[in-house]
Amino acid sequence: MSEILTAFLDTYADTLRRHLAAPERDGLAEAHELGRRALVEGISLLDLTEHHLRVAKQVQLEADEQETAATGAARADSPLAENALEFLLQTLTTLDVATRGYLDGTRRYEQQRSRADDLAGRDEFRTALVESLQDGFFVADARGSIIEVNKAFGELTGYGASGVPYPIPHPWSIPEEQGYPDLGTEASRFVVPIQHRDGRRRWIAVSTSALVQPDGEEHIFVGTVRDVTAEHDAQARDQAANRLATALAAATTVAEVLEVGLDELRRTVGAETAVVAVWAAHQAPEVYVSGTPPAEPAGASATGLEPATEAILKRARLRPGRTLIAVPEGDGSAEGIVAPLGETGDAALWLRFAVPRVVDAADWTLFSLLIGHLSLAVQRARNFDQARSTSLTLQRAMLGPIELPPRFSVHYEPALPPLEIGGDWYDVVPLPDGTIGVVVGDCVGRGLSAAVVMGQLRTAARALLLRGAGPAQLLTELDPVAARIPGALCTTVCAAVLDPVRGLVRYSNAGHMPPILADVDKTGRLLEGGRSVPLATFETLRRPEATTPLPPGSTLVLFTDGLVERRGEDIDEGFTKIAETLADTAEKLPREVADSVLSALRPDGGYDDDIAMVVYRQPPEPLKLDLPAQPDRLTMLRRTLTAWLSAAAVPHNLTADLVAATNEACSNSIEHAYQEGGTDTERVRITAECDGDRVVIETTDTGIWRPRPADPGPRGRGIDMMRALTEELEIDHPGPGTRVRMSVTLPSITFPVASALRGTNNRSRRG
């Protein structure tokens, strides 16, 4: 007998005896532990059972002998046998569980072996079935690694079964693409771009499902992939065309079309730069650029294009429409694409890629579609430019004079852009007696029909002014004219005659907006006299007339209702804004006054009605300055004279000439007329005044006249400069002192005739 068995049997006997002697103790727990020990130490059930019976029998005999000795007879119902059996059963519990587990494992093994033999044939069938699928097939583990693929998957991605597993990131994924799915998180359906092993980009539709492995401990994912590149490209082409068409819909000029269209085109095709060159007649091309501008080498032309690029574009513009050419031609990969643009053979497009790329059939289809849309938009914009030029020329011809007297500015803004046709009008008519007639009117309605009515009424009103009619008489005689013109009913008109010399304005108002007059640095006020009903509404024998002084330097504004009428707003608010704006415009030119008024009243969405406006500036009071003959006073002189000339509506360029000439005259007095220099009695006097349309500036001093030397040297050119900067220069020095008189004639205000809205050598660069 082994030592292990001997030790175990001794322990078992001792434990059993203690339990039988005191069954209420933890003997059964000790029996269970003995069973586990027997299982670990490999004790035989036979040895254990035999030893148990021997010990139990021995304990029973010992108990009977003790009972007989004590009572003379043994107990017939001794519980020792029952307690001993209970101890044995508790010991055998662990051994019984182990035995049954072994038998179950053996049975499962036999079943699994039988099943494996049965599935061997099934795996061969499944493999053949998966390999026959036209769609790609894959299996992914819970971490997203691809662990099995079929032949179709390898053909679609370029990565076959020989390379599995493919962990995340998968070799066909595109790093810059956002939202690439994690195959090991959830079952889903999605479409995603991939990079084939040969470098081509393809689109695949993926469908995955989650499964539980036979051991029940881990999920796997099985899925299929299908090539949807053709469907995606077709959808992308439609979407790109729609985006481009939408972006170009609001563009009405060639510049707007190219500014918007080149950005969208460049982003859609993935180009680094998009360049369009447009050749006008006998001119260098206009260049429009989107993206990174092409390099401008030393040999580049004035357009910024290198000669080779300009030559390519010149050749491309002469190709038939919708011709696409790869650059360089005939190579396997292209650096860019060039194509003619429009239908007139004077424009070409160049798309330059960041790196050379292969252009496949899908790319050619997309490029042709998008460039075709851009070409149509360019042609539409050119047609629109021609229509705009024609309509604007017609509008200018009907609207009013192209040249205005000095100190005037006019503005017209239609409510129906971009054809520039409406029913509001203005007219400024210089009259033989030196006065100036002004008419502002508003026909009912909009568009071409209102413009036709406006043209007839404007012509009639101009004829009446030239005939000598005053404001009230003009409106009275215009009534029967309006009554005979269809659509002229209820036309509103404000007629005025300005007398700049006397500083008066006579006016009469036929249902129109009241003029606003603002004195220097004061809030404007409404001229509400001479009011009556609109034209052709009631018979009136004579319309009223009012006369108002025009203070020196004051500003008069006549306008139509589109400037102040707003839906849901009180019209008085518009009048107040104009009046307050005029308080800060005393030293602005009339055109700057018009801009300030329009900016102050412009709604967020723009004006929704026609606007005609006339601004007039009454000559200011003469300027008089008496300054010490000191150089440091010249700065104040220039600043004060500039402000006065602006208040006199002298254009900025002419103001700069007059200020420079006056500064030179005063500098001569300070430097040459006074020998001592700087004393209080040595002074220079400057006067400036408006004499009709002329501005006259005089400087006088009481110093000594110094004749100019025969050779003045590098200096001494002041008189020549003053003569060059003015129209007339008079210098008198009869005795002590010198008088310098300079004068210029204010130019007429010229408004250019409408022309096609195209720039010269425009270079529009956008990132």
Side-chain angles (χ1 to χ4, degrees), residues 400-410 426-438 465-466 497-505 520 550-556 586-594 614-625 637-638 640-666 668 685-700 718-732 739-753:
I402 294 177
E403 288 191 353
L404 296 173
R407 295 188 291 274
F408 274 92
S409 181
V410 294
Y426 60 78
D427 205 354
V428 179
V429 184
L431 302 175
D433 60 356
T435 60
I436 303 171
V438 180
L465 281 172
L466 292 173
V497 175
L498 309 179
D499 189 340
V501 176
R502 298 172 59 195
L504 296 174
V505 55
V520 178
L550 292 173
S554 61
T555 303
L556 178 67
E587 294 182 359
K588 292 184 177 181
L589 299 180
R591 63 177 175 82
E592 296 172 338
V593 174
V614 177
V615 179
Y616 168 73
R617 173 68 50 74
Q618 178 69 6
E621 291 279 7
L623 174 67
K624 296 181 179 181
L625 297 175
L637 164 67
R638 292 191 296 269
T640 304
L641 183 58
T642 298
W644 183 89
L645 290 171
S646 295
V650 178
H652 292 311
N653 58 344
L654 187 55
T655 293
D657 292 345
L658 291 174
V659 170
T662 305
N663 183 81
E664 184 61 29
C666 293
N668 287 341
R685 295 177 177 81
I686 303 98
T687 62
E689 61 180 347
C690 290
D691 182 11
D693 294 343
R694 295 177 62 80
V695 175
V696 180
I697 300 177
E698 286 189 0
T699 65
T700 59
I719 295 178
D720 294 336
M721 186 182 77
M722 289 186 286
R723 182 171 289 110
L725 295 176
T726 59
E727 292 180 3
E728 294 184 4
L729 175 65
E730 299 177 4
I731 301 177
D732 294 330
R739 179 179 68 87
V740 178
R741 177 184 174 89
M742 299 170 288
S743 63
V744 296
T745 301
L746 295 181
S748 299
I749 308 300
T750 302
F751 288 82
V753 178

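Position 1 is the first residue of the sequence, and the numbers go up from there.
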**OP:** Please test Leu729 against Ile719 for side-chain contact (heavy atoms from CB on, under 4.5 Å), starting from the C-alpha separation and ending with a verdict.
**Re:** CA-CA 9 Å; Leu729 175 65; Ile719 295 178; 4.1 Å; yes
**OP:** I would like to know whether Phe408 and Ile436 meet side-chain contact (heavy atoms from CB on, under 4.5 Å); could you show each step before the answer?
**Re:** CA-CA 11 Å; Phe408 274 92; Ile436 303 171; 3.5 Å; yes
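- Within the 4.5 Å cutoff, the side chain of Pro747 has heavy atoms near those of the Pro651 side chain.
- No donor-acceptor distance shorter than 3.5 angstrom exists from the side chain of Asp691 to the backbone of Arg694, with no hydrogens or angles considered.
- Of the inter-residue distances, the one linking Met742 atom CE with Leu725 atom CG reads 9.5 Å to the nearest 0.5 angstrom.
- Interatomic distance, Arg741 CZ to Glu698 CD, rounded to the nearest 0.5 Å: 5.0 Å.
- Two residues are said to be in side-chain contact when any heavy atoms from C-beta on lie closer than 4.5 Å; Val593 and Ser409 fail this criterion.
- The CG atom of Leu404 sits 8.0 Å away from atom OG of Ser748, with the distance rounded to the nearest 0.5 Å.
- Tested against Leu645 for a side-chain contact (heavy atoms from CB on, under 4.5 Å), the candidates Thr640, Val659, Leu589 yield a single pass: Val659.
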Show me the donor-acceptor pairs within less than 3.5 Å that the side chains of residues 614-625 make with the rest of the protein, sequence neighbours left out.
residue	atom	partner	partner atom	Å
Tyr616	OH	Gln618	OE1	2.7
Arg617	NE	Thr555	OG1	2.9
Arg617	NH1	Ala586	O	3.2
Arg617	NH1	Lys588	O	2.9
Arg617	NH1	Ala647	O	3.1
Arg617	NH2	Thr555	OG1	3.3
Arg617	NH2	Thr585	O	3.0
Arg617	NH2	Lys588	O	2.9
Gln618	NE2	Pro500	O	2.8

**OP:** Apply side-chain contact (heavy atoms from CB on, under 4.5 Å) to the pair Met722 and Asn668, showing each step before the final yes or no.
**Re:** CA-CA 11 Å; Met722 289 186 286; Asn668 287 341; 3.9 Å; yes
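- When every heavy atom of Met721 is checked against every heavy atom of Ala660, the shortest pair comes out as CE-O, 3.9 Å.
- Counting only residues at least two apart or on different chains, the side chain to side chain donor-acceptor pair (under 3.5 Å) pairs with a member in residues 641-655 are Glu592-His652.
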Original post:
Going through the checks in order, is the side chain to side chain donor-acceptor pair (under 3.5 Å) test met by Glu727 and Ser743?
Top reply: CA-CA 6 Å; Glu727 292 180 3; Ser743 63; 5.8 Å; no
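- Between the side chain of Thr435 and the backbone N or O of Leu431 there is no donor-acceptor pair closer than 3.5 Å.
- Thr726 contributes atom OG1, which lies 9.0 Å from atom CD1 of Ile697 (distance to the nearest 0.5 angstrom).
- For the pair Leu654/Leu746, a side-chain contact is recorded, criterion being any heavy-atom separation below 4.5 Å from C-beta on.
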**OP:** Applying side-chain contact (heavy atoms from CB on, under 4.5 Å), run through Leu504 and Leu550 and close with a yes or a no.
**Re:** CA-CA 5 Å; Leu504 296 174; Leu550 292 173; 5.9 Å; no
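- In this structure, Cys666 and Ile686 approach most closely via the heavy-atom pair SG-CG1, 3.8 Å.
- When all heavy atoms of Pro551 and Ser554 are compared, the pair lying nearest together is O-OG, 2.7 Å.
- Here CZ of Arg638 is found 14.5 Å from CG of Leu658. Values are rounded to the nearest 0.5 Å.
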